[in-house]
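To start, the structure under review is shown below, and the notes come after it.
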Number of protein chains: 2
Amino acid sequence: MREGLIAAGLELARAGGPDAVVLREATRIVGVVPNAAYRHFADRDELLAAVCEAAMARLGDRMAAEVARVPGERGDGDADAAFGRMAAVGMAYLEFAREEPGLFATAYALPDQHPYAVVGATGPDASPLGQLRAGLDELVEVGLLDAGRRTGIEFPVWSTVHGLAVLLGQGPLRAAPEEDRRMLTDRVLGFIGEGLLTAVAAPDA
Amino acid sequence: MREGLIAAGLELARAGGPDAVVLREATRIVGVVPNAAYRHFADRDELLAAVCEAAMARLGDRMAAEVARVPGERGDGDADAAFGRMAAVGMAYLEFAREEPGLFATAYALPDQHPYAVVGATGPDASPLGQLRAGLDELVEVGLLDAGRRTGIEFPVWSTVHGLAVLLGQGPLRAAPEEDRRMLTDRVLGFIGEGLLTAVAAPDA
DNA sequence: GAGCTAACGTGGACAGTGTCCACTAAGCGC
DNA sequence: GCGCTTAGTGGACACTGTCCACGTTAGCTC
């Protein structure tokens, strides 16, 4: 039942973002009276928080799937593959934001009282940030990224991609035509590439 | 009266973000019955849109003020001053997002039906994007930024700063302690600096 | 000045929302 | 069987956005 409410909330969030996950509607979908939800969640915010986590997990899944499509395996020292996986991490993030704007917005709409968990850890994990870190670590392994520049570099990269996703999805650029979106994406990803890669020519993506 | 409603809406937005600008409360502040608002706005979204524009203008004002504090004037060829103004543009953006999280979020919460105006123009104007463009143009003038790299570079820069502002203000990094925030900000601004400035050593900010 | 008009604000209503309270039914250990 | 927890029900309340019909006032035309 808890699961059902979260699933219903996810459906609502997909269609209309975090504001659309309304408690009464979720219970209606599950086929139960509104107050039943209060057996499983303290209030609407707690339901929303669960839905947000689920949405974030969706984003993580999407990224993992996209990375897995790149030939080769992590740790085999293939620079092309490492670069490809890094690119896949960024592209998957942007594609998810584009194709599932409601879920993307919801993933980052955790209510104030419910703290984000992901940030503290430094090791790689299934979260979007964890996967970004894994990709960057691999770039260092294959020599595409100076080890000295690695520390903390995930934050500028994350900021840049996230900023683009937000500006394109909900921000002032949301009305931009497809052509402009492509150009913007190329420019932004290129900017990140320049900022990351060592002087050596990057393998083309 | 229209002004008064917008002002009231701004106050609400400052305290609680876009969701807090509720029509009835705004009319209550102005001291009038809820329906009076419908003489001036078609619906709540139109009021919110006006408040969003006002919030965006506040952001632009803040940036302009911060830039004006840098000694020297635009176009005098002083590289240090040009760099300082560019830094001021970014810092003002981040400071506004930090000190006025409600207004910052509201500035970017324009309802879907009301299109953003600012994006099309390429010339500098009072909008945040316009001021960023002016700063970048000046970097080119004084030789800190290759003219060939100028085209469209405002979007990666905007994305990066905006992404950081969002992640720190409403996103997963919002609970980060002051020390971490400083470090993150330094890293991100440094990343932008590297991506912008030509090989020449940058004047320290 | 008389009378019309348009703008502005009021009062009352309605549906929809989150949330509280008291209540009923089912399962389970003693 | 008794008492307990757990899950769901029904009814209420305050609050929201919004619609409708109604006064009230300022400004214009004749």
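Only heavy atoms go into these numbers, but all of them, side chains included; no hydrogens, no water, no symmetry mates. Order of the sequence lines sets the chain letters (A, B, ...), proteins ahead of strands, with each chain counted from 1. Bear in mind that the values here come from a model prediction, so they are computed numbers and not experimental data.
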Heavy-atom protein contacts under 4.0 Å, nucleotides 13-25 of chain D, coded B base, S sugar-phosphate only, - none:
---BBBBB-----
A/Arg182 with A/Glu179: basic N within carboxylate O range, under 4.0 Å
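So A/Arg182 does not pair with A/Glu179 through a salt bridge.
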Can you name the side-chain hydrogen bond (donor to acceptor under 3.5 Å, both in side chains) partners of B/Thr160, sequence neighbours left out?
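Applying side-chain hydrogen bond (donor to acceptor under 3.5 Å, both in side chains) to B/Thr160 gives A/Thr160.
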Could you work out, with side-chain hydrogen bond (donor to acceptor under 3.5 Å, both in side chains) as the rule, every residue matching A/Arg74, not counting sequence neighbours?
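So A/Arg74 forms a side-chain hydrogen bond (donor to acceptor under 3.5 Å, both in side chains) with A/Glu138.
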Can you give the donor-acceptor pairs under 3.5 Å from side chains of residues 25-36 of chain B to other protein atoms, not counting sequence neighbours?
from, atom 1, to, atom 2, distance (Å)
B/Glu25, OE1, B/Arg28, NH1, 2.5
B/Thr27, OG1, B/Arg24, O, 2.6

Does anything in residues 88-103 of chain A pair up under side-chain hydrogen bond (donor to acceptor under 3.5 Å, both in side chains), and if so which pairs, sequence neighbours excluded?
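The answer is A/Arg14-A/Glu100, A/Arg62-A/Glu95, A/Arg62-A/Glu99, A/Tyr93-A/Tyr108, A/Tyr93-A/Trp158, A/Tyr93-A/His162, A/Arg98-A/Glu178.
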If you look only at distance, which donor and acceptor atoms sit under 3.5 Å apart when one is on a side chain in residues 39-52 of chain B and the other is two or more places apart or in another chain?
from, atom 1, to, atom 2, distance (Å)
B/Asp43, OD1, B/Asp45, N, 3.4
B/Asp43, OD1, B/Glu46, N, 3.1
B/Arg44, NE, B/Val21, O, 3.2
B/Arg44, NH2, B/Pro18, O, 3.3
B/Arg44, NH2, B/Val21, O, 3.1

A/Glu194: which residues meet the side chain to side chain contact (heavy atoms under 4.5 Å, CB included) condition with it, sequence neighbours left out?
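For A/Glu194, the residues satisfying side chain to side chain contact (heavy atoms under 4.5 Å, CB included) (neighbours in sequence not counted) are B/Arg149.
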B/His40 vs C/dG9: side-chain N/O to OP1/OP2 distance below 4.0 Å
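Yes.
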What are the residues of residues 2-16 of chain B, sorted by number, that bring a heavy atom to within less than 4.0 Å of DNA chain D?
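Correct list: empty, so none.
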Measure the distance from CD on A/Glu46 to P on C/dG18 and round it to the nearest whole Å.
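My rounded result for the distance is 15 Å.
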Does B/Phe96 have any ring pair (Phe, Tyr, Trp, His ring centres under 6.0 Å) partners at least two apart in sequence or in another chain, and if so, which?
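Applying ring pair (Phe, Tyr, Trp, His ring centres under 6.0 Å) to B/Phe96 gives none.
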